[in-house]
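Some notes on the structure that comes next.
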Amino acid sequence: MTVVKVRVRFSPAPTGYLHVGGARTALFNWLYARHVDGTFVLRIEDTDAANSRDELVDGILRTLRWLGIDWDEGPFRQSERVELYAAAVARLLADKAAYYCACTREQIEARMKGSANQGYDGWCRDLGHTSGAVRFRSPDDGQTVVHDLIRGDVVFEHATIEDFVIQRTDGSAVFLLANAVDDVDMGITHVIRGEDLLPSTPKVLLIRGALGVPDAPVYAHLSLIVNEKRQKLSKRRDDVAVEEYREKGYLPEAMRNYLALLGWSPSGDEEIVPVERMIAEFDVTDVTPSPAFFDVRKLEAVNGEYIRALPVATFVRDCLPWLEMDPPWPPERFDLAVFERVAPFVQERVRVLSEVRAIVDFLFLEHPVIDPDSWAKGVARVPEAGELLDDAAGAYATCPWDPVALREVTAASAEARGLKLAKAQAPIRVAVTGRTVGIPLFESLHVLGRERTLERLHRAKERLSAL
RNA sequence: GGCCCCAUCGUCUAGUGGCCGAGGACACCACCCUCUCAAGGUGGCGACACGGGUUCGAAUCCCGUUGGGGCUGCCA
């Protein structure tokens, strides 16, 4: 018995950026290929020239690489394999398994009006046209069974399958034909793709049969990823471009891990698992058949976990794009050494990397941006705010400049005023950072320096007095 | 309309006839820790869509109902 090596393929159409659904399909193909030590083929389905653009292909490849999904063969482009499709169509035509059709959409609809059936009625089957679109002659009876690893056997009655177009009037192949030809030519053994393609599977199988290919690949139709209304994600309405998540500061490992959780789960109670373990445990048969909602909040939680698990130096490096590109502070004021000192505190407070700038901006801005709500809550509505600010300014002018000492003198002030430290630190925090929340205050002051701290305390006092 | 798929906490899931008075994760709530916010810890809320079968026994098998979704293009 010969053991046939598993060959899978991810075949996106470059009609837009790679979206989360496509990314998950690619991921599951990749995980399966790596799990069984098979071959992962990348194929670009760009038979529709009008809707395909080169830069979109580049974007898809870039995103796959970012996610750590590598391919063993390809990328092949269907636009470069047109002779193969033309030859296949010629053969089907010669075998009377396909025929030319000259009907327009309008003519078909006019004929079908009032009929219970929809789709094409086979009008041109025996008219002997020699030009136009080419339609596959679907059998009138019998059935095709799709053997699906996730859904079991799915039966399609041939009577419900219309004579579908396999070649456009301009001579280009439709994906059904190209798909059938390529999967045979590339020796694809397992087809893992979205459930939206399930109804097209019997058509592809019919084409393969007419082309003289007796066997079929094993199919696995993944459930769709849906939005809050439980509809298939739409590029237009939903936030689905993987590239956008990258730009917001999601880590590729986190995105990959989250995507894998949609329809699959690792053994045990841990959901955050290294990719090696995913590969070791992944099997398409274990994938859930029901649709999954793309929950950004859970993605954020997963991303937060990945961020916290990073070595600090790596975290700092990963943050650089957000600190250096179009920052809210004058670029020349940015000081990497300063950021490195507070990085450990920042790291456990962000869920996406783009959040770092708002947490550390006070360190690089000439003056902190005072958040109105924070001012109201932390200063204006605190009766002792003025006194606390004065106490701090006085004590900070002479005390040793380290977090412990700063905390001590601040606590002493609080106690003298009959306040808890938690309450007393608020006006100071707002004065210096602009907000009531943030990284530990005394560490912040320490990094900021005595001079700038005192200056900010005085400005806040002036602002308070002016009201 | 026709064809097809799906159905466990709000969400993602574990569960393949007895181990389930249904487990985990996210979210939410409470408490603890605490200079704020986080992080961390503890606890809580919370589901087998419905109706029939099959069986000694059903979340698990079968049928139906209902609900949701996909496809129905000379896009893929």
Side-chain angles (χ1 to χ4, degrees), chain A residues 11-15 22 45-48 50-52 101 103-105 115-120 132-135 146 148 150-151 154-157 159-162 164-176 178-179 193-202 221 223-224 226 228-232 258 261-272 288-295 297-302 304-305 308 345-351 359 374 378 403 406-407 410-411 414 420-426 428-430 433 435-444:
Chain A
S11 46
T15 54
E45 306 223 328
D46 55 352
T47 58
D48 181 35
N51 290 320
S52 301
C101 168
C103 298
T104 62
R105 190 78 228 155
S115 163
N117 295 327
Q118 292 217 336
Y120 186 67
V134 177
R135 286 185 182 274
V146 176
D148 193 289
I150 295 173
R151 286 152 219 290
V154 184
V155 181
F156 293 89
E157 295 294 333
T160 66
I161 300 175
E162 64 173 329
F164 51 93
V165 173
I166 55 176
Q167 186 180 75
R168 305 185 185 91
T169 300
D170 67 4
S172 61
V174 167
F175 91 103
L176 293 164
N179 207 278
R193 27 127 75 150
E195 185 192 359
D196 49 342
L197 272 333
L198 184 50
S200 76
T201 306
H221 285 95
S223 64
L224 264 17
V226 299
E228 61 289 333
K229 291 162 74 178
R230 306 219 62 93
Q231 294 165 323
K232 176 182 171 182
Y258 175 67
L261 258 21
L262 260 23
W264 179 77
S265 61
S267 63
D269 285 344
E270 291 296 314
E271 293 188 322
I272 309 289
T288 323
S290 47
F293 168 60
F294 188 78
D295 187 354
R297 292 207 292 181
K298 179 139 182 176
L299 205 211
E300 279 181 10
V302 172
E305 284 219 37
R308 273 173 257 125
F345 303 116
V346 177
Q347 189 172 5
E348 64 181 23
R349 286 170 174 75
V350 296
R351 309 188 108 192
I359 294 185
S374 293
L406 285 164
R407 181 194 162 118
T410 309
K420 290 239 172 87
L421 179 55
K423 183 91 172 177
Q425 56 90 44
I428 301 168
R429 180 182 291 278
V430 174
T433 73
R435 302 186 186 84
T436 54
V437 301
I439 56 177
L441 178 61
F442 305 113
E443 312 286 347
S444 299

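Lettering follows sequence order; numbering is per chain, from 1.
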Name the nucleic acid region contacted by [X], choosing base, sugar-phosphate or nothing; use a 4.0 angstrom heavy-atom cut-off, strictly under.
X	result
Arg435(A)	nothing
Val226(A)	nothing
Ala426(A)	nothing
Ser290(A)	sugar-phosphate
Leu197(A)	base
Pro289(A)	sugar-phosphate
Ser265(A)	sugar-phosphate

Looking at [N], does its base get a donor-acceptor pair with the side chain of [X] below 3.5 Å?
X	N	answer
Ser223(A)	C6(B)	no
Lys298(A)	A27(B)	no
Arg429(A)	C35(B)	yes
Glu271(A)	G24(B)	yes

Distance check, [atom1] atoms only: [N] and [M], in whole angstrom units.
N	M	atom1	result
G43(B)	G52(B)	P	39 Å
C4(B)	U8(B)	P	22 Å
U60(B)	C45(B)	P	25 Å
A14(B)	G23(B)	P	15 Å
A58(B)	C20(B)	C1'	11 Å

So, is [X] close to the [N] phosphate, meaning a side-chain N or O under 4.0 Å from OP1 or OP2?
X	N	result
Lys232(A)	C71(B)	yes
Arg230(A)	C12(B)	yes
Thr47(A)	A76(B)	yes
Arg349(A)	A39(B)	no
Arg308(A)	G40(B)	yes
Arg407(A)	C35(B)	yes
Arg351(A)	A27(B)	yes

Report task. Step by step, work out the side-chain contact (heavy atoms from CB on, under 4.5 Å) result for Ile272(A) and Tyr258(A). Result -> CA-CA 8 Å; Ile272(A) 309 289; Tyr258(A) 175 67; over 6 Å; no

For [X] and [N], give me the distance from atom [atom1] to atom [atom2], rounded to whole Å.
X	N	atom1	atom2	value
Leu198(A)	C71(B)	CG	C1'	9 Å
Ile359(A)	A39(B)	CD1	C1'	12 Å
Phe164(A)	C74(B)	CZ	P	12 Å
Glu157(A)	U72(B)	CD	P	20 Å
Leu261(A)	C26(B)	CG	C1'	10 Å

Query raised in the report: Does the ring of Tyr120(A) carry Arg135(A) above it, NZ/CZ under 6.0 angstrom from centre and within 45° of its axis?
Result: yes

Query raised in the report: How far apart are the closest heavy atoms of Ser223(A) and Glu195(A), and which atoms are they?
Result: CA-OE1, 3.8 Å

Requested in this report: Report the C-alpha distance between Val165(A) and Val134(A) in whole Å, list the side-chain angles of each, state the deciding distance to 0.1 Å, and finish with yes or no for side-chain contact (heavy atoms from CB on, under 4.5 Å).
Outcome: CA-CA 6 Å; Val165(A) 173; Val134(A) 177; over 6 Å; no

**Report entry** Nucleotide opposite A30(B) in a Watson-Crick or G-U pair, distances under 3.5 Å
**Finding:** U42(B)

**Report entry** Nucleotide forming a Watson-Crick or wobble pair with U60(B), both distances under 3.5 Å
**Finding:** none

Requested in this report: Check whether any side-chain heavy atom of Ser172(A) lies under 4.5 Å from a side-chain heavy atom of Thr47(A), and answer yes or no.
Outcome: no

Requested in this report: Please step through side-chain contact (heavy atoms from CB on, under 4.5 Å) for the pair Leu198(A) and Arg193(A), ending with a clear verdict.
Outcome: CA-CA 9 Å; Leu198(A) 184 50; Arg193(A) 27 127 75 150; over 6 Å; no

**Report entry** Lys/Arg-Asp/Glu bridge criterion (N-O < 4.0 Å) met for Glu443(A), Arg407(A)
**Finding:** no

